[in-house]
Amino acid sequence: GPAEAKVRVPASGAGGGPACPAPSPLPVATMLSRLLKEHQAKQNERKELQEKRRREAIAAATCLTEALVDHLNVGVAQAYMNQRKLDHEVKTLQVQAAQFAKQTGQWIGMVENFNQALKEIGDVENWARSIELDMRTIATALEYVYKGQLQSAPS
């Protein structure tokens, strides 16, 4: 704590000793001046300590801020890289989907052509059956006529 000046006040009539002489004004002024200088020196020490602590606090806050920003930047950079990868994957998927749609269209065309060919084969088969029936009818008629001619011919 600060140095305190202890001034002894003489007790009047106590102890029966000789009375203290009155202090001269010069030593009191010197003592006050010395106390003032000590007080100012301690105040300067406190100010320097406060300034030192303030600088340390600012440095610590700056370090903390930089660490937080670095940590956030790592996350942001990772998110950016993930976004770029996703964009690339989406573009690749779009190209593949377009190719698949084109190929699917070609397959549908081929199936439709095949179906049409089957219908045409069915039509030819029906046409062939129709001709076969007509030919059988004609053959039966010719056979009937031929047998009729054999029976009517003289023996």
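When reading the values below, keep in mind they use all heavy atoms of this one structure, side chains included, and skip hydrogens, waters and symmetry mates.
A distance-only check finds no donor-acceptor pair linking the side chain of S33 to the backbone of A29 [under 3.5 Å]. A donor-acceptor pair is defined here as one N or O able to donate and one able to accept, closer than 3.5 Å; no such pair exists between the side chain of S130 and the backbone of N126.
Side-chain contact check for E51 versus K47: every heavy-atom pair is 4.5 Å or farther apart. Proximity of L32 to L36: side-chain heavy atoms (C-beta onward) are nowhere separated by under 4.5 Å.
Rounding to the nearest 0.5 angstrom, the gap separating the CD atom in Q40 from the CD atom in E45 is 12.5 Å. How far CZ of R46 is from CZ of R53: 11.5 Å, rounded to the nearest 0.5 Å. Expressed to the nearest 0.5 Å, how far CG of N82 lies from CD of Q78 amounts to 4.5 Å. Here the straight-line distance linking atom CD of Q94 with atom CD of Q99 works out to 12.5 Å at 0.5 Å rounding. Separating the CD1 atom in I108 from the CG atom in N113 is a distance of 12.0 Å, to the nearest 0.5 Å. From Q116, atom CD reaches atom CD1 of I121 across 11.0 Å, with rounding to the nearest 0.5 Å.
Cluster annotation: Y144 is not connected to M135 through the hydrophobic network of ILVMFWY side chains, with a link wherever side-chain heavy atoms come within less than 4.5 Å.
Under a 4.0 Å N-O distance rule, the pair R34/E38 qualifies as a salt bridge. A salt bridge between E48 and K52 is absent, with no side-chain N of the basic residue lying under 4.0 Å from a carboxylate O of the acidic one.
When each of K85, R84, Q83, K91 is tested with D87 by the rule side chain to side chain donor-acceptor pair (under 3.5 Å), just one qualifies, namely Q83.
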